[in-house]
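Within every chain, numbering begins at 1; the chains are lettered A, B, ... in the order of the sequence lines, protein sequences first and strands thereafter.
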Amino acid sequence: MELDKHYNPQAVESKWYKYWMDNGFFNSVPDEREPYTIVIPPPNITGILHMGHMLNNTIQDVLIRKARMEGKNACWVPGTDHASIATEAKVVKKLAEQGVKKTDITRDEFLGHAWEWKNKYGGIILEQLQKLGASCDWNRTRFTMEEELSNAVTEVFVKMFRDGLIYRGTKMVNWDPAGKTTLSDEEVIFKENNSQLYFVTYPFTEETLKALGLSEGGLTVATTRPETIMGDVAICVHPEDERYKHLVGKTVMVPVINRVIPVIADDYIDIEFGTGCLKVTPAHDENDYRIGEKHQLEAIDVLTEDGKIHERAGAYVGLDRFACRKQIAKDLEEQGLILKTEQIKNTVGHSERTDAVIEKRISTQWFVDMKEFMSRYPKVLSSVMDDEIKFHPPKFKNVYRHWMENIKDWNISRQLWWGHRIPAWYNKEGDFVVAKNQDEALEMFRLKQPNTVAEDLHQDEDVLDTWYSSWLWPISVFDGFKEGDKKDYNYYYPTNDLVTGPDIIFFWVARMIMAGYAFNGEKPFSNVYFTGIIRDKQRRKMSKSLGNSPDPLDLIAQYGADGVRMGILLSSPAGNDILYDESQVEQGRNFCNKIWNAYRLLAGWQVVADQEVSEEIKAGDQLANQWFAMKFQMATDEIHAGFTEYKLSESLMGIYKLIWDDFCSGYLEMVKPAFGSPISESTLSAVKNHFENILRLLHPFMPFISEELHQAIFEGKPEKPMILCEYPKAGLPYTVINDQALQIVSELRNMRNAKGLSPKQAFSVLVQTPNEASYKVWEYTIAKLANVDGFSYNTQKPEKCLSALIGTDELFVPFAEEIDEAAEKKKIEEEIIYLQGFLKSVDAKLSNEKFVANAKPEVIEKERQKKADAEEKIKKLMSGN
RNA sequence: GGGAGCUUAGCUCAGCUGGUUCAGAGCAUCUGCCUUACAAGCAGAGGGUCACUGGUUCGAACCCAGUAGCUCCCA
């Protein structure tokens, strides 16, 4: 059968993926083997596959496939996250397109639509992962809002509440006016902004003017948010500020609404900033809130939940907050109350999901008491610092510690419908209990008020933060919270490796560690591999709006999954950002093609019995076999070292070079029979064996082509499919082969290139060496690779020749034609000059008493060797002249 | 404002506890080749004052200090 010149991935990929699936090779059940477990960072059901997923899941697949090949019981659990805010926004938008408003339908109706949406689109991303070759145990696919996982969430919430780790409280929280929900601090992204700083004057009241003996005047504050002045309750100055000391206790009027407010003093104030006067708006600023509490001031919330001016503001009612800012500035200007404006840079919080500008708002919400949590579970921090849980790269340990040490309470309630509803029930008086379900809640109420009936109770309307379910993921996917048989949980947990982006280190990684120690007393995983963020060539993040993100599925269609996997992995050491460039994926495709053609080559050879080939060929083939065996083991050791350090790109590069340089350019050329000649049976078998071994090394990285060719080598009947073959082991002994003689090949090629000679022109060579034997064994191979038609040793140097050094041995190539003697001489002279310079520095070192006295003996020995070698070389080069 | 990290070839990055036959890899570039496995290829070659300035040391890409630039995290 004729094989195509180019590797064609499409047919191959779907064929083998189906084969693996049909045979259940991805599936795992507990047995006596050592488990190796990864839980997928569950993608959002709203998500579609992007380059970040590609990187992330390729790495997981590499790890899981390698573990599987190493005989471990490999289990990669896939699944999806319900993504409360994102999904709710999607569904709201879809309903709006149909002319339905969320407020017009019931909660149950809305959830019906949401589930419908989830069932239709929620699994798309998992199907896309299959195209990549992800070897997840699809039988284990979980969803954060399915029944079992929801039960786990309730269970944990109730437990934490009863343990005093969750409380309901009224605090200042982050409000997303677009999503109309509160957010945790982690969901707020700070962005730098160019803002106007308005200097607004608050006129003194009559009373104050009288006391001061003035006819007019006021206090000027600097603010970027004039639209909140209707919520002002005081002006605050520093108690030591000489400019304002005398005004403390006096009153001023809030512009626009002319409400009277006091001037107070607090050392929180920064005298240098603005005018040194701060307008205190406790309802809309964290610091103002604190000042307000301290001075017992009222908090007037002047905004509605969607960011418009509330009735209680008394002016501009119904106007959007940003429109109001402009309007009020204009009006104040007209009234002469704006002294000046300045441009400043400040940072403004935005919603991670909706990108709306966050408002600070006082609200009654549910919180996790993090200080208490951390004091009860110190392992959460120490395990990472002590490397019981290893971060790769370790620089993220600092980031982790810093966050942990400054941790704030976690706001976990969201004013949404799509999510896990908070298991708290209220009676008509507003008392509440936390319970697993309504029946339990009713019982609890009845203990105090026996007459309570179910109709009196209503469940909290809010749902929990998405991450409140995600943090349980490594436990809950193995039903670790479920009563009864915990076979899976006991076997698979703790998991081995977690692969994720550093952007969710706090959202997810940290909280999984918390959940692990708090609910199971055990770490959730042993290693965390932080991938980089994928950027384009200009270092911009990939985003839909920039349009700089290629569609991964298009890439797979164009370059093949293996090619894409390789391209994306090659330049992605852990923690470094990946600058994506299509040329990398091309490189991946080209590599596939290279491997494919190596197979084509050997598939086309005619085979004969060993007796049919000459002894010379046999010996040459055997040497080549041993030589490649050495190269193979050396590379295998390096590849394992890369895995140990989680430097997957280095492992992959090691394989790349092993295959391309050592196997194809080296080994195959060595054993390749002359055109039209056959290959011996034993050599072909050795080649196939080596080929098969490199495919094994490659399989975790490029699963499809390695399976395809593995099957092809064994004519479709291998003992095992590649996916189950044993991964080559590190540290196996190998015979060291002295291949210094092979340098003759590159020297000759170089000479031909430099002289513009055809490779077809044969040369004879003369080597001056004390180790004749180490060259003799390679003669056949060298002759083949470099077109040499004669070898001689330690004879008279010919008159006309080209020369080179092989280590300290000399190589002469008789060359009858024109030689640019001057150029040759110059080349040698330059070499001598370099060596002399080198020798001088070595000599200087060796004659330095301090060096000899201080340096380690082996270093000195090395220097002496260098000196001897350099002297030897110089001697030879000089004598040649 | 606080913290962490980075700066090595045109690009992306390796360089472990300091020891110049280790300044390296891949890609890109250049030269010559359509040599019956592969032009998605083959054979070669040229690129670097290791950000800058000082210091420690017999010896610094590596350790220390300062300067400049960049990135990230947190407020």
Exercise. Does the ring centre of A/Phe591 sit less than 6.0 Å away from the ring centre of A/Tyr559?
Worked result: no
Problem set entry | Per-nucleotide protein contact string for nucleotides 70-75 of chain B, where B marks a base within reach and S marks sugar-phosphate only (heavy atoms under 4.0 Å, - for neither) | --SSSB
For this session: Can you sort out the partners of A/Tyr289 under ring-ring contact (aromatic ring centres under 6.0 Å, His included), two or more places apart, ordered by chain and number?
Result: none
Seminar exercise, completed: Each nucleotide of nucleotides 23-35 of chain B classed B (base within 4.0 Å of a protein heavy atom), S (only sugar-phosphate) or -, in 5' to 3' order, makes --SSS--------
Exercise. Within 45° of the ring axis of A/Phe367 and under 6.0 Å from its six-membered ring centre, is that where the NZ or CZ of A/Lys171 lies?
Worked result: yes
Exercise. Passes side chain to side chain donor-acceptor pair (under 3.5 Å), A/Asn411 versus A/Ser184? Steps please.
Worked result: CA-CA 5 Å; A/Asn411 172 9; A/Ser184 66; over 6 Å; no
For this session: Please confirm whether any donor atom in the side chain of A/Glu669 sits under 3.5 Å from an acceptor in the base of B/A37, or the reverse.
Result: yes
For this session: Nearest-nucleotide wise, let me know which of A/Ala754 and A/Asn590 is further upstream toward the 5' end of RNA chain B.
Result: A/Asn590
Problem set entry | Length of the line joining A/Asp4:CG and B/A40:P, which is rounded to integer Å | 14 Å
Problem set entry | Watson-Crick and G-U pairing of RNA chain B written in dot-bracket, each distance under 3.5 angstrom, with | for inter-strand partners | (((((((..((((.....[....)))).(((((.......))))).....(((((..]....)))))))))))).
Exercise. Above 12 or not: heavy atoms from other molecules or residues under 6.0 Å from NZ of A/Lys397?
Worked result: yes
For this session: Considering only atom P, compute the distance from B/G69 to B/C52 and round it to an integer number of Å.
Result: 16 Å
Exercise. Do you know the tightest heavy-atom contact between A/Asn8 and A/Gln10?
Worked result: OD1-OE1, 3.1 Å
Exercise. With A/Ala510, which residues qualify under side-chain contact (heavy atoms from CB on, under 4.5 Å), at least two apart?
Worked result: A/Tyr400, A/Trp403, A/Met404
Problem set entry | Same-atom distance (C1') from B/C6 to B/U67, integer angstrom | 16 Å
Exercise. Looking at B/C38, does its base get a donor-acceptor pair with the side chain of A/Lys5 below 3.5 Å?
Worked result: no
For this session: Round to the nearest Å and state the distance from A/Glu582 atom CD to B/U12 atom C1'.
Result: 17 Å
Problem set entry | Rounded distance in Å between the P positions of B/C63 and B/G5 | 12 Å
Exercise. Rounding to the closest angstrom, what is the interatomic distance between B/A23 and B/C58 at atom P?
Worked result: 24 Å
Problem set entry | Between B/G41 (P) and A/Phe663 (CZ): distance, integer Å | 17 Å
For this session: From the options B/A37, B/C42, B/G44, select the nucleotide whose nearest atom is closest to the side chain of A/Asn750.
Result: B/G44
Problem set entry | Atom-pair distance (CH2 on A/Trp596; P on B/C38), nearest Å | 13 Å
Exercise. Given the C1' atoms of B/U17 and B/U12, what is the spacing between them in whole Å?
Worked result: 28 Å
Problem set entry | is_close_aromatic(A/Phe632, A/Phe663), centroid dist under 6.0 Å | no
Problem set entry | Conformer about C1'-N of B/G47 - syn within 90° of 0, anti elsewhere | syn
Problem set entry | Approximate separation, where rounding is to 0.5 Å, of A/Asn593 CG and A/Arg600 CZ | 9.0 Å
Exercise. Considering only the C1' atoms, how many Å lie between B/G48 and B/G24, rounded to the nearest integer?
Worked result: 11 Å
Exercise. Side chains of A/Arg589 and A/Asp562: does their closest heavy-atom pair fall under 4.5 Å?
Worked result: no
Problem set entry | is_close_aromatic(A/Phe396, A/Phe391), centroid dist under 6.0 Å | no
Exercise. Could you give the CD1-to-P distance, from A/Ile659 to B/A40, as a whole number of Å?
Worked result: 20 Å
For this session: Could you check how far CG of A/Leu742 sits from C1' of B/A43, rounded to whole Å?
Result: 16 Å
For this session: For A/Arg749, report the nucleic acid contact type (base, sugar-phosphate, nothing); a contact means any heavy atom under 4.0 Å.
Result: sugar-phosphate
Exercise. Which part of the nucleic acid does A/Gln584 contact within heavy-atom distance under 4.0 Å: base, sugar-phosphate only, or nothing?
Worked result: nothing
Exercise. What distance, rounded to whole Å, do you find between the two P atoms, one in B/U56 and one in B/A65?
Worked result: 15 Å
For this session: For residues A/Tyr529 and A/His392, establish whether the separation of their ring centroids is below 6.0 Å.
Result: no
For this session: Answer yes or no: does a side-chain N or O of A/Asn597 lie under 4.0 Å from OP1 or OP2 of B/A40?
Result: no
For this session: Write down the distance between CG (A/Leu648) and P (B/U12), rounded to a whole number of angstrom.
Result: 22 Å
For this session: Taking side chain to side chain donor-acceptor pair (under 3.5 Å) as the test, write out the residues that go with A/Ser651, two or more places apart.
Result: none
Exercise. Given the P atoms of B/U57 and B/G44, what is the spacing between them in whole Å?
Worked result: 47 Å
Exercise. Any idea which heavy atoms bring A/Asn787 and A/Arg752 closest together, and the distance?
Worked result: O-NH2, 3.2 Å
Exercise. Whole Å only: how far is the CG atom of A/Leu3 from the P atom of B/A40?
Worked result: 19 Å
Exercise. Touch check for A/Trp660, heavy atoms < 4.0 angstrom, all strands: base, sugar-phosphate only, or nothing?
Worked result: sugar-phosphate
For this session: For A/Leu668 and for A/Thr808, locate the closest nucleotide of RNA chain B by heavy-atom distance; then report the residue assigned to the nucleotide nearer the 5' terminus.
Result: A/Thr808
Exercise. Which part of the nucleic acid, if any, lies within reach of A/Cys592 when heavy atoms closer than 4.0 Å are counted: base, sugar-phosphate only, or nothing?
Worked result: nothing
